[in-house]
Amino acid sequence: MEETKISRDFIREIIDSDLASGKHKEIVTRFPPEPNGYLHIGHAKSICTNFGIAKEFNGKCNLRFDDTNPVKEDIEYVNAIKNDVEWLGFKWDNLHFASDYFDRMYLLAEQLINLGLAYVCDLSPEDTRTYRGSLAKPGRNSPYRSRSIEENLNLFRRMKNGEFPEGSCTLRARIDMTSSIMCLRDPAMYRILHKNHHLTGDKWCIYPMYDFAHCLEDSIEKITHSLCTLEFEVNRPLYNWFLEKLDIYRSRQIEFARLNLSYTVLSKRFLRKLVEEDFVKGWDDPRMPTLSGLRRRGVPALAIRNFCSIIGLAKRNSTVDIALLEHRIREELNKTAPRVMSVLNPVKLVIENYTEDRTEYFDYVVNPEDESAGTRPTPFTRELYIERDDFMEDPPRKFFRMGPGREVRLRYAYLVTCTGVTRDEDGCITEIRCTYDPETKGGNAPDGRRVKGTLHWVSADHSFPVEVRLYDRLFNKENPMDNEEGVDFTSHLNPDSLHVVTNCMVEDHMRNYKPGFICQFERKGYFSIDPDSTPEKMVFNRTIPLRDSWKKLKGKSK
RNA sequence: UGGGGCGUCGUCAAAUGGCAAGACACAGGGUUUUGGUCCCUGCAUUUGGAGGUUCGAAUCCUCCCGCCCCAGCCA
């Protein structure tokens with residue numbers, strides 16, 4: 001399957017010229033997640049960009065975990081992230097952890113102290129903030145700013161040795177407390193955290209801050225182009241400062257706009273809230289924009305990659321219409337998903353003039369978009385199930401489906417004409433009755449008469465009940481984060497984001513498939529088998545409905 | 001408020017001084033044994049605004065307006 005061609009964006013143009021000028025012979029990028037949550041489709045943009053660029057330019061891309069904060073991070077997340085990256089379809093050239101570099105970072109920090117460019121500061125967090133000043137007011141120098149190199153070295157070693165409690169002091173870069181760039185006002189490089197790290201255990205009780213660590217990680221790995229999101233733009237001067245003062249390999253940081261999606265929340269913090277406060281069933285709930293959620297829902301990795309290639313890469317903040325994602329999903333599934341007839345809201349259809357013990361098999365086209373998928377036999381009997389919605393007692397003019405006296409086609413089978421209905425004592429329809437025209441085997445009339453409606457169906461004797469989970473968008477507000485003071489994004493949660501339907505009837509041969517299998521229920525949508533399935537009860541997730549111009553038409557006339 | 005960024009169709013997004021791509025969405029029509037797919041057609045006389053430079057400006061200059069980011073010992 002070929003991916004859609006990627007257009008030239010400003011980052012690729014920079015790389016083109018770096019290659020042309022001879023600045024670089026080979027391109028090296030990296031995807032640097034912090035293992036403190038699950039990856040979501042916003043990360044997919046970054047993954048596709050970093051791995052995609054490496055591939056296109058014949059370079060390398062590393063997967064590197066930015067695990068510098070043991071308070072938030074966990075091994076559970078690193079495994080899930082590795083799995084997600086692989087599922088998305090990418091292979092890293094090298095796997096690294098920021099924590100692999102803790103010894104080198106420590107040495108580099110001492111080097112900065114020796115250069116007179118870092119000092120141990122005993123200011124409390126509150127005082128540090130006060131001394132920092134504000135956007136409008138310059139900061140003031142810390143009283144500890146002019147300690148001697150020896151004293152700083154000694155203090156820093158004692159910090160490392162665990163002699164001080166958390167919060168008692170930090171190692172700070174000595175830059176400029178009056179800078180208009182806030183992060184240049186003597187930023188913290190190391191803080192004390194007496195915490196167990198998922199990889200280094202209790203070896204360290206001081207941990208490097210992002211600004212100090214990240215540029216070093218890039219430099220150590222000789223990352224040529226360090227791609228990150230816009231909010232780090234203001235950190236770039238500091239990124240460059242460390243590399244320059246330490247005189248080590250100069251990676252170049254380039255910022256691009258992160259992905260925002262309509263009707264969606266893409267922030268690990270808020271996604272975590274949805275999980276922890278049970279608004280959804282987990283990180284992989286099919287309504288979640290996480291890669292694990294999308295995967296479980298039945299979204300193909302290629303659809304996500306193709307989505308990432310059409311949304312572009314630029315510096316302007318934007319919100320992509322979720323319809324673009326949906327389009328890519330349908331586009332991919334239309335090409336690849338085998339078709340199946342499945343009745344979500346069944347009502348029995350009895351063919352009065354069809355012999356009771358007779359079973360015929362019709363050729364069913366597995367995928368009209370893929371001839372190589374071929375055909376398979378599907379059984380037809382006197383009693384069938386059809387969708388309750390496909391029948392109306394008093395149909396409007398534009399309704400092409402079944403109604404009293406109307407003739408419709410049962411897909412691949414026969415033309416049938418409705419003769420009436422059977423009701424229970426409450427007046428509910430329990431059966432629809434019809435007769436078939438034996439001359440129309442396969443669905444065409446020899447006399448050339450046309451019918452507008454074609455219905456899907458399953459044989460009552462060759463089908464079994466399953467559970468189907470119908471999903472809708474998780475939020476009913478285009479930007480759930482755009483709120484007045486005090487209004488929480490969870491107040492825009494769509495109460496109808498999940499509908500569980502039981503006793504949907506599917507063809508018998510569906511028993512052969514396992515969780516992860518994706519197919520199209522004809523005329524309904526794309527569905528995937530959920531891991532919750534058991535041999536006793538299969539569960540299907542609706543990945544996405546088919547486009548439905550009838551529904552649209554109906555909506556208009558109201 | 002000091003600094004850093006960004007403004008092109010409803011939504012993304014190209015155009016790199018030469019006469020506003022494309023995709024999605026939307027609207028209309030055709031084909032169709034999925035009201036699906038597919039195929040046509042339409043959809044920015046104008047690029048946040050106002051001036052200026054130029055034969056020519058979305059692109060260059062000036063001023064203005066709007067939005068985003070930074071004041072964690074988070075990343």
Side-chain angles (χ1 to χ4, degrees), chain A residues 4 7-9 13 32-34 36 66 68-69 71-72 121 123-125 128-130 132-139 166-172 178-185 187-193 206-207 209-211 213-214 228-237 255 257 259 262 268-269 310-328 330-331 334-335 339 341 365 368-369 398-401 408-413 415 442-444 450-456 478 520-525 545-554:
Chain A
T4 309
S7 71
R8 237 53 197 158
D9 51 71
E13 279 176 359
E34 182 187 11
N36 68 343
D66 210 359
T68 58
N69 185 356
V71 178
K72 295 182 172 177
C121 179
L123 246 28
S124 68
T128 304
R129 199 182 328 124
T130 312
R132 187 160 31 230
S134 71
L135 295 179
K137 287 190 298 274
E166 284 186 15
S168 59
C169 58
T170 56
L171 181 73
R172 292 228 254 164
T178 66
S179 175
S180 52
I181 301 167
M182 294 305 286
C183 72
L184 256 24
R185 320 245 263 225
M189 292 165 57
Y190 271 92
R191 78 288 218 186
I192 298 170
L193 255 21
I206 57 171
Y207 291 91
M209 300 286 293
Y210 168 86
D211 283 311
H214 203 91
C228 63
T229 45
L230 249 31
E231 65 269 27
F232 292 103
E233 210 152 21
V234 289
N235 299 54
R236 184 162 17 108
E255 311 83 16
L259 173 68
S262 60
K268 274 196 263 188
R269 188 177 140 217
I310 43 164
I311 56 176
L313 201 55
K315 295 198 71 148
R316 86 180 75 113
N317 289 312
S318 61
T319 299
V320 174
D321 188 341
I322 194 149
L324 254 85
L325 208 215
E326 295 172 343
H327 170 256
R328 287 306 207 181
R330 290 195 181 98
E331 173 187 61
N334 177 51
K335 286 188 285 193
R339 316 282 127 124
M341 292 201 284
V365 177
E369 306 299 315
K398 290 269 179 87
F399 186 80
F400 304 149
R401 285 108 97 148
V408 295
R409 173 164 37 236
L410 295 177
R411 186 152 220 229
Y412 300 127
L415 261 35
N444 285 310
R450 318 284 282 189
V451 294
K452 280 286 252 192
T454 299
L455 309 187
H456 62 281
E478 187 163 335
Q520 182 193 108
F521 287 175
E522 284 210 56
R523 302 210 297 136
K524 288 292 165 189
L546 252 28
R547 288 173 81 205
D548 188 349
S549 54
W550 164 240
K551 192 173 165 190
K552 209 184 265 182
L553 223 184
K554 253 193 331 190

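Since this is a predicted model, take the numbers as computed values, not measurements.
Residues A/M209 and A/T170 are not in side-chain contact: their nearest non-hydrogen atoms beyond the backbone lie 4.5 Å or more apart.
Within 4.0 Å of A/R172, counting heavy atoms only, lies no atom of the nucleic acid at all. In this structure, A/L325 reaches neither bases nor backbone, as no heavy-atom distance under 4.0 Å exists between it and the strands shown. Residue contacts for A/P237: at a heavy-atom cut-off of 4.0 Å it reaches no nucleic acid atom on any strand shown. A/E166 comes within 4.0 angstrom of no nucleic acid atom, judged by non-hydrogen atoms across all strands. Nucleic acid contact for A/S124: base, since at least one base atom lies under 4.0 Å from a heavy atom of the residue. Nucleic acid contact for A/N444: base, since at least one base atom lies under 4.0 Å from a heavy atom of the residue. A/E326 comes within 4.0 angstrom of nothing in the nucleic acid, heavy atoms only. Note on A/A213: nothing from the nucleic acid sits closer than 4.0 angstrom, heavy atoms only. Across all strands shown, A/K398 has heavy atoms under 4.0 Å from base atoms, whether or not it also approaches the sugar-phosphate. Counting non-hydrogen atoms under 4.0 angstrom, A/T319 reaches the backbone sugars and phosphates but no base. Across all strands shown, A/R547 has heavy atoms under 4.0 Å from sugar-phosphate atoms exclusively, and none from any base. If you check every strand for non-hydrogen atoms under 4.0 Å, A/T170 touches a base. No contact: A/R269 has no heavy atom under 4.0 Å from any strand. Using a 4.0 Å heavy-atom cutoff across all strands shown, A/F399 reaches at least one base atom of the nucleic acid.
On the P atoms, B/G51 is 14 Å away from B/U59, given to the nearest whole Å. Comparing B/G49 with B/C9, their P atoms are spaced 10 Å from each other, to the whole Å. Between B/G10 and B/A25, the two C1' atoms lie 7 Å apart (nearest whole Å). Only the C1' atoms considered, B/A23 is 11 Å distant from B/A14, to the nearest whole Å. For the C1' atoms, the distance linking B/A58 with B/U8 amounts to 7 Å, nearest Å. Between the C1' atoms of B/G66 and B/A50, the separation comes to 15 Å (whole Å).
In this structure, the NE2 atom of A/H327 is 12 Å from the C1' atom of B/G22, given to the nearest Å. In this entry the distance linking NZ of A/K72 with C1' of B/A75 reads 7 Å, nearest Å. With rounding to whole Å, A/N334 atom CG is found 18 Å from B/U32 atom P. Look at CG on A/L313: it is 18 Å from P on B/G5, rounded to the nearest Å. Put simply, CG on A/L410 is 13 Å from P on B/U34, counting in whole angstrom units. Rounded to an integer number of Å, the gap from A/D321 CG to B/G10 C1' is 9 Å. In this structure, A/M209 places its CE atom 6 Å from C1' of B/G72, rounding to the nearest Å. Across the protein-nucleic acid pair, A/R8 atom CZ and B/A21 atom C1' stand 17 Å apart, rounded to whole Å.
Proximity of A/R191 to the phosphate of B/A75: a side-chain N or O atom is located under 4.0 Å from OP1 or OP2. Distances shorter than 4.0 Å separate none of the side-chain N or O atoms of A/T454 from OP1 or OP2 on B/U32. OP1 or OP2 of B/C26 lies within a sub-4.0 Å distance of a side-chain N or O belonging to A/K552. At B/G36, one or more side-chain N or O atoms of A/S549 fall inside 4.0 Å of OP1 or OP2 (strictly under the cut-off).
Across the strands present, B/A75 finds no partner; the criterion is a Watson-Crick or G-U wobble pair with both atom distances under 3.5 angstrom. Pair assignment for B/C67: B/G5, on the basis of Watson-Crick or G-U wobble contacts that are both within less than 3.5 Å. B/G56 is unpaired under the Watson-Crick or G-U wobble criterion, no partner having all donor-acceptor distances under 3.5 Å. Pair assignment for B/G42 gives B/C26, based on Watson-Crick or G-U wobble hydrogen-bonding distances that are each under 3.5 Å.
Once the 5.5 Å centre distance and the 30° plane angle are applied, the aromatic ring of A/W550 is found stacked with the base of B/G35.
For A/R330 against B/U37, no side-chain N or O and base N or O form a donor-acceptor pair under 3.5 Å. Side-chain atoms of A/R401 come within donor-acceptor range of the base of B/G35, with a qualifying N/O pair under 3.5 Å. Between the base of B/G36 and the side chain of A/E369 there is a donor-acceptor pair shorter than 3.5 Å.
Taking OG1 of A/T178 as the reference point, atom CG of A/L184 lies at 9.5 Å (rounded to 0.5 Å). In this structure, CD on A/E13 lies 7.5 Å from CZ on A/R8, to the nearest 0.5 angstrom.
Toward the 5′ end of RNA chain B lies the nearest nucleotide of A/I181, the other residue of the pair A/I181 and A/A188 mapping further downstream. Nearer to the 5' terminus of RNA chain B, by closest-nucleotide assignment, is the contact made by A/K315 (compared with the other of A/K315 and A/R523).
For the pair A/K72 and A/E34, the salt-bridge criterion is not met [side-chain N within less than 4.0 Å of a carboxylate O].
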I'd like to know whether A/V365 forms a side-chain contact (heavy atoms from CB on, under 4.5 Å) with A/R339, so could you lay out the CA-CA distance, the side-chain angles of the two residues, the decisive distance to 0.1 Å, and finally the verdict. CA-CA 8 Å; A/V365 177; A/R339 316 282 127 124; over 6 Å; no
Does A/I310 form a side-chain contact (heavy atoms from CB on, under 4.5 Å) with A/L324? I'd like the steps, not just the answer. CA-CA 8 Å; A/I310 43 164; A/L324 254 85; 3.6 Å; yes
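Between the A/R401 side chain and the A/V408 main chain, no donor and acceptor come within less than 3.5 Å of each other. Checking side-chain atoms of A/S179 against main-chain N and O of A/I181 turns up a donor-acceptor pair under 3.5 Å.
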Protein-nucleic acid N or O pairs under 3.5 Å, nucleotides 69-71 of chain B:
{"residue": "B/A71", "atom": "O2'", "partner": "A/R132", "partner atom": "NE", "Å": "3.4"}
{"residue": "B/A71", "atom": "N3", "partner": "A/L135", "partner atom": "N", "Å": "3.4"}

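In plain terms, the two heavy atoms of A/G443 and A/R409 that are nearest each other are O-NH1, 2.7 Å. Counting all heavy atoms, side chain and backbone alike, A/T68 lies closest to A/R191 at O-NH1, 3.4 Å. Across all non-hydrogen atoms, the minimal contact from A/D66 to A/P32 is CB-O, 3.9 Å. Of all the heavy atoms in A/K137 and A/R185, the pair that sits closest is O-NH2, 2.7 Å.
Taking the O4'-C1'-N9-C4 or O4'-C1'-N1-C2 dihedral as appropriate, B/G72 has a value within 90° of 0 and is therefore syn.
For A/A323, the listed nucleotide lying nearest its side chain is B/C24; candidates were B/C24, B/G35, B/C12. Checking B/A27, B/A25, B/C68 against every side-chain atom of A/N317, the shortest atom distance belongs to B/C68.
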